[in-house]
Number of protein chains: 2
Amino acid sequence: MEKEFLTRGLEDEIQDLREMEDAIENWHPGSSVDCVILGYEKQKVKVLLLKMEFDDLRMLPGGMIPKNKDLRDAAYHVLKVRTGLESVFLKQFHTFGRKDRPSIMDNSFSEKGRQYLDHVKLNYPKYYDWMNRRYITTGYFALVDISKVKVEYSSGQMNEKYDWVAIDNIPDLIMDHDRIIRKCLDFIRVQLNYLPISMNLLPDEFTMKDLQKLYEAFLNEKLERSNFQRKMLKLGIFDRLKKKMSGAANKAPYLYRFDKDKYNELVKKGIGVL
Amino acid sequence: MEKEFLTRGLEDEIQDLREMEDAIENWHPGSSVDCVILGYEKQKVKVLLLKMEFDDLRMLPGGMIPKNKDLRDAAYHVLKVRTGLESVFLKQFHTFGRKDRPSIMDNSFSEKGRQYLDHVKLNYPKYYDWMNRRYITTGYFALVDISKVKVEYSSGQMNEKYDWVAIDNIPDLIMDHDRIIRKCLDFIRVQLNYLPISMNLLPDEFTMKDLQKLYEAFLNEKLERSNFQRKMLKLGIFDRLKKKMSGAANKAPYLYRFDKDKYNELVKKGIGVL
DNA sequence: TTACTATTGTATCAAAATAACACATTAAAT
DNA sequence: ATTTAATGTGTTATTTTGATACAATAGTAA
C-alpha cells in the first residue's frame, strides 16, 4: 500500500515521517517561516519553488521553528537545506497571520495526492494533525547566486523537485504562497536602491549592462543607460576592473566587482541595509 | 492573602484570572502582538506604556492572538482596548523571534511582584505556565491623536496604569520591549516621508511649525524652516485654512488641515503608505 | 588593411529638486 | 505709533535628474 506513493522508497519515507512525528514536540507551535529565495539567470529574476513529490503542486520552501532556535536561524536553516549556501543575504519582510490562511491540506490535490494524504492521516495522525493547523508564518527573502546553489535532496517531507521560476511567470502555488511572493517583491522594489542586490544576484564580475538588466527585471521598466551608469558609479560601491573580452562586435565594456567594504560603510551611515 | 496585591479588589482580579485560564484554549499558541502606540504632545513624540499594577515595571501593550482572529485584528483589538480608538493608522513593522526572548516572568520583580507571581503560580498554574513560555511576537505601530485617546480601565491582566512617555526618555521596560520600540522608530524614520503622520499625530488643524516640530522630533535633527514649508506644500496634501489667532507677538501663521482624499491619491500612485 | 557596425564611456545642456539665505509682512507687546 | 519676533515668500547657488550627443573601440566584412 505505502509503496505506490513513494518514489524514494518505502524505508526512506517511513523514516522521514517517523522523524517528523518525533520532531513535533521540539517545534514551536503555530509558527513557521517561508523563504523567497531569489536568483538571477538569463536576464530574469527567478524564485526557487519546490514541487511536491506526489502531486504537481508547487510551493515556497519553508519550515518549522525549533524551540531552541531563533526565528531567523530557522529561516537560515531552510535556506541552507535548500541551497547549500550559508552566508548570504537574508531578510525578514512580513508576517502573514490571517485567520483563514489555508493550511497545506487545503489544496486541490490530485487523486494520487489525496491518497497519499489519507495514508499519512491514517498512519501518522499526529503529524497530519500538526500540519493541518493554523500557522502564522514569517516571510524571509534571500538573494543568491544561482550558479553557486546546489539543491540538496532535501530532508524528506512532501516535496522533492525544485525549479527556478521567473517572477513574471509564477505558476499556481499552494496556500497563500503567491501572496507571499508578491509582498516580497513589492518590499524589494521599494528599497531596491538600498539593497546589495549585485553582491548576491550577479556573478563576482559583471558589466554595467548586467547590472542595469537586473534592476530592470525587478522594477519591470526600462532605465536610461547613461544615467543609470552615472548613478551607479556615483554610489562608489563598485570597483572597475580590466576590460572584458566581450565576443560582441562593439566596444568591450568594463567589468565591475561589488565592493563589500565600501557598501558596509554606507550601511554604517544609515544608507543601505544588511 | 490575595487581597494585599490587588488594588482593584479581590473579585475583579479573581474574575480576570479565571477568564484568562478559560481563554487560553482559544488563543493561538506561541504567538503574540505588541503595539507601539505613538502620539505627539508638547512637541514630543510619545509612546503609550503600561505599568504593572503590582510592581513598578513598564511594558508595551500587547496581547494574544485569538484562534478565530487575524493577526492584524489582534493588534487592532489591543489598540482599541487601550485607546478606545478604532480607525487609526496601524502597521506591522517586524516580528521578533529570538529563542532567548525573555518571558514576562524574567524580570527583576520587587518583593511584592514576586509574591503576586507566586500567588498566580499557585492558584492559576495553567495561566502561569502559558505566560511563561517562549513567544514570537509581531510588532505593530499605531499613530494616534493623544487628545482623542481615552484609556479604558483595561481588561484585567497584570497592568493598570498607563503613561505617555517621550521617546527620547524611555524608562527601563520588561522583556525586549525597548528593542521593539527602537526597531519601530528606525522603521518609521526610514519611511517618514511616505507616512501620513500629520493625519494621525496632530490635531485636525495645525500650523507649519507644528508639522516641522513633529518631523524634527522623529528625525532628531533640525530642519530649515522655509525649505521645509515649501516641500510640504508641494506635496499637495494640506489644505490651507484661515489665519490663526496665535497668542504670540508675531505674524499669525496659517492653519492647515490634512487632506485625506489627496493623500489617498498619492497612495494609489504608489507613493505613500496606508 | 580599411571601412562599417553596434555598443560603450563620457560629455553636455536643460529641467527639477535642494540648500542657504534675504526680506517684506504682521499680530501682539510696549 | 513703534518695536519685536516669527511667518510667508522670494532669490540665488548648488546638486540631482532626464534626455541627448558624440567620440572610442572590439569585432565583422570587404
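Throughout, protein chains are lettered first and strands after them, A, B, ... in sequence-line order, and every chain is numbered starting at 1.
- Where A/K244 and B/L255 meet DNA chain D, the nucleotide closest to each residue was compared, and B/L255 sits on the side nearer the 5' end.
- Across the protein-nucleic acid pair, A/F228 atom CZ and C/dG9 atom P stand 12 Å apart, rounded to whole Å.
- A/F206 has its CZ atom 15 Å from the P atom of C/dT8, to the nearest Å.
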* Footprint string (nucleotides 10-19 of chain D, 5' to 3'): B base within contact, S backbone only, - free, heavy atoms under 4.0 Å -> B------BBB

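- Taking B/D168 as the reference, B/K44 meet the salt bridge (Lys or Arg N to Asp or Glu O under 4.0 Å) condition, with sequence neighbours excluded.
- With sequence neighbours excluded, the residues forming a salt bridge (Lys or Arg N to Asp or Glu O under 4.0 Å) with A/K46 are A/E41, listed by chain and number.
- Partners of A/D73 by side chain to side chain donor-acceptor pair (under 3.5 Å), not counting sequence neighbours: none found.
- For the side chain to side chain donor-acceptor pair (under 3.5 Å) test, residues two or more places apart in sequence or in another chain that qualify with B/E216 are B/Q212.
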* **Pairing annotation in dot-bracket form, given for DNA chain D with Watson-Crick or G-U pairs under 3.5 Å and | for cross-strand partners** => ||||||||||||||||||||||||||||||

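- For A/Y76, the ring pair (Phe, Tyr, Trp, His ring centres under 6.0 Å) criterion is met by no residue, not counting sequence neighbours.
- Residues passing the side chain to side chain contact (heavy atoms under 4.5 Å, CB included) test with A/L185, sequence neighbours excluded: A/L38, A/I167, A/I181, A/R189, A/F218.
- Partners of B/D259 under the salt bridge (Lys or Arg N to Asp or Glu O under 4.0 Å) rule, at least two apart in sequence or in another chain, are B/K262.
- A/N200 contributes a side-chain N or O that, together with a main-chain N or O of A/P196, makes up a donor-acceptor pair within less than 3.5 Å.
- One can place NZ of A/K243 at 16 Å from P of C/dT7, the figure rounded to the nearest angstrom.
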* For each nucleotide in nucleotides 2-7 of chain D, reading 5' to 3', give B when a protein heavy atom comes within less than 4.0 Å of its base, S when such contact involves only the sugar-phosphate, and - otherwise. => --BBBB

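- By the side chain to side chain donor-acceptor pair (under 3.5 Å) test, A/Y40 pairs with no residue at all, sequence neighbours left out.
- In this structure, A/R72 has no salt bridge (Lys or Arg N to Asp or Glu O under 4.0 Å) partners at least two apart in sequence or on a different chain.
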